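Structure first, then comments.
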Amino acid sequence: MGTLIKNRTSLSNVSDATIQRHYSTSAWIEGKAEEQLQHVSQLNRVQKVSAFPDLHPGKYGPVGCAILSDLLYPQLIGNDIGCGMSLFILDLPARKIKPEKIAKKFRVLEGKWLGNACALLEENSLPPQDFPSSLGTIGGGNHFCELQTVVQINNSELAKKADLSKGTSCLLVHSGSRGLGMQVFSSVLNELNAGLSPLTEQAEKYIASHNRAVQWASLNRYLIARRAAESLRTDFKLISDSPHNLIEEYQGHYLHRKGAAKADIPLIPLAGSRDSMSYLLSPGEKVHDALSSLAHGAGRKYDRSSMHGRIRNKKSDQIKLQRTSFGGHVVCEDKHLLIEEAPEAYKNANHVLRDLELFKLATSVATLQPLVTFKKVISRKEEYR
DNA sequence: ATGTCC
């Protein structure tokens, strides 16, 4: 095993930030992601960068890292402010689960929520005019609502505390702030590279609207779970809410988490692909050295566009992609999204977990197997094709 | 990623 932490000394008079790479030499990391990592470490007044084994290239910077800086860089977070993972326990015995029936019931998630979204926003101290019609909807891209079952307990004490045992049914919800985060981001699109100085009017305004988007995204995941649980006529209970796309004040600086899970909480989900196990993590003894953050999932191995050249697109292939190797169901009728989000597009979540454990950033509490992954019923793209 | 886009 190579050195765990690389400290670099800059030859120029501009001192670059320390980059901590929390992954072993065998981790799948693209060269472009490493270049982006270097680049963000050289941004003005960046103190420290922690990178995780799910690291992969992003639009403005790498995904799968945490960046500590004295300036605010909204572009590092991008438009899906507050995006994250929430895990819920369901009161649903494993023996009662019929994936094909549940897949049908989950289809209600595609439409608008029919409840009073404005009232729910107000109850949660959010402005009622903030995208009420999107509240409770999953969105596109890598977002999903997934029924999972606990197949293995890896820490019986912590699992018991969380009411988890073998056979417990769970919902893992991955979604964000939809149109709201996009609106907030587009309002600061000018002068992006410089970074925003704290205490300026622009920074204060961004922080306030960013914080609302973070709250909105969390409420969105909760409402998605509520809708899914109602469709199955079962109770649900939140056990972890970990955003991975946000800025927080941290030790007198600003901590940017881009595809890095907030880990200063007792339990953190690590999403696999829909055809591999997910894990529930407990923060490890060294997590504070990693900016109190963790990998948020397996991480992309191949970008979206290249997936179209890697997977055939015949009708029979599409049908195959709607089932997993262990009999799980995938609800995704958008054939492009089906390919872009194919399990092959992702790294091995097991290897990501292995590195997190190796670097003492986390330990596994439970292993969860996906049974039904809900993504999208039909896209407008498909309708007009 | 996106009340995208007709």
Side-chain angles (χ1 to χ4, degrees), chain A residues 33 36 54 56-65 73-86 108-118 120-121 126-145 173-189 192 206 209-210 212-214 216-221 223-224 227 243-247 256-261 271 296-300 302-307 332-341 345-346 374-385:
Chain A
Q36 290 186 335
D54 55 343
H56 61 276
K59 191 174 177 184
Y60 290 93
V63 182
C65 68
Y73 289 100
Q75 68 270 43
L76 294 178
I77 303 306
N79 57 27
D80 200 2
I81 300 162
C83 180
M85 303 274 176
S86 294
V108 298
L109 293 169
E110 185 68 9
K112 267 177 61 171
W113 182 50
L114 300 174
N116 189 342
C118 294
L120 187 60
L121 286 167
L126 287 163
Q129 68 273 19
D130 276 356
F131 293 81
S133 64
S134 299
L135 197 66
T137 60
I138 294 166
N142 55 3
H143 291 169
F144 59 79
C145 172
V173 179
H174 181 197
S175 190
S177 54
R178 313 283 276 112
L180 178 61
M182 200 189 184
Q183 187 185 74
V184 172
F185 183 50
S186 59
S187 71
V188 287
L189 264 176
L192 271 182
Y206 174 75
S209 51
H210 159 286
R212 278 200 302 277
V214 170
W216 197 102
S218 177
L219 178 62
N220 192 36
R221 291 188 288 276
L223 185 55
I224 290 165
R227 296 179 73 195
H244 52 234
N245 235 18
L246 76 166
I247 302 177
H256 304 65
R257 291 190 178 94
K258 178 60 177 178
H296 71 313
R300 280 200 91 85
Y302 302 119
D303 65 78
R304 289 170 183 286
S305 56
S306 81
M307 285 310 294
C332 182
E333 293 171 359
D334 178 331
K335 60 186 180 186
H336 302 291
L337 188 57
L338 197 56
I339 283 171
E340 288 164 7
E341 290 295 314
Y346 286 88
F374 183 88
K375 289 191 70 73
K376 198 173 243 323
V377 170
I378 191 93
S379 76
R380 293 177 69 84
K381 245 184 201 168
E382 298 284 328
E383 274 178 67
Y384 288 92
R385 195 160 291 275

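Keep in mind it's a predicted model, so treat the numbers as computed, not measured. Scope of the values below: all heavy atoms of this structure, side chains included, with no hydrogens, waters or symmetry mates. Just so it is clear: chains get the letters A, B, ... in the order the sequence lines come, proteins before strands, and each one is counted from 1.
- A:H256 meets the side-chain hydrogen bond (donor to acceptor under 3.5 Å, both in side chains) test with no other residue; sequence neighbours excluded.
- In this structure, the CE atom of A:M182 is 12 Å from the C1' atom of B:dC5, given to the nearest Å.
- At a threshold of 4.0 angstrom between heavy atoms, the contacts of A:G139 are confined to the sugar-phosphate backbone, with no base atom among them.
- Ion pairing of A:R304 with A:E341 is present here, as a side-chain N (NZ or NE/NH1/NH2) and a carboxylate O approach within less than 4.0 Å.
- When rounded to the nearest whole Å, the span between CD of A:Q129 and C1' of B:dG3 equals 16 Å.
- Atom P of nucleotide B:dC5 and atom CG of A:D334 are separated by 16 Å, given to the nearest angstrom.
- Atom CD1 of A:I138 is separated from atom P of B:dG3 by 14 Å (rounded to the nearest Å).
- At whole-Å resolution of the value, CG in A:L180 and C1' in B:dT4 are 17 Å apart.
- If you check every strand for non-hydrogen atoms under 4.0 Å, A:G78 touches nothing.
- In this entry the distance linking NZ of A:K376 with P of B:dT4 reads 10 Å, nearest Å.
- With sequence neighbours excluded, the residues satisfying side-chain hydrogen bond (donor to acceptor under 3.5 Å, both in side chains) with A:S86 are A:R221, A:D241.
- Distance CZ (A:R178) to P (B:dT4): 10 Å, rounded to an integer number of Å.
- Nucleic acid contact for A:F131: base, since at least one base atom lies under 4.0 Å from a heavy atom of the residue.
- B:dC5 atom C1' lies 16 Å from atom CG of A:L337, rounded to whole Å.
- Side-chain contact between A:P57 and A:D303: absent, with no pair of heavy atoms (C-beta onward) separated by less than 4.5 Å.
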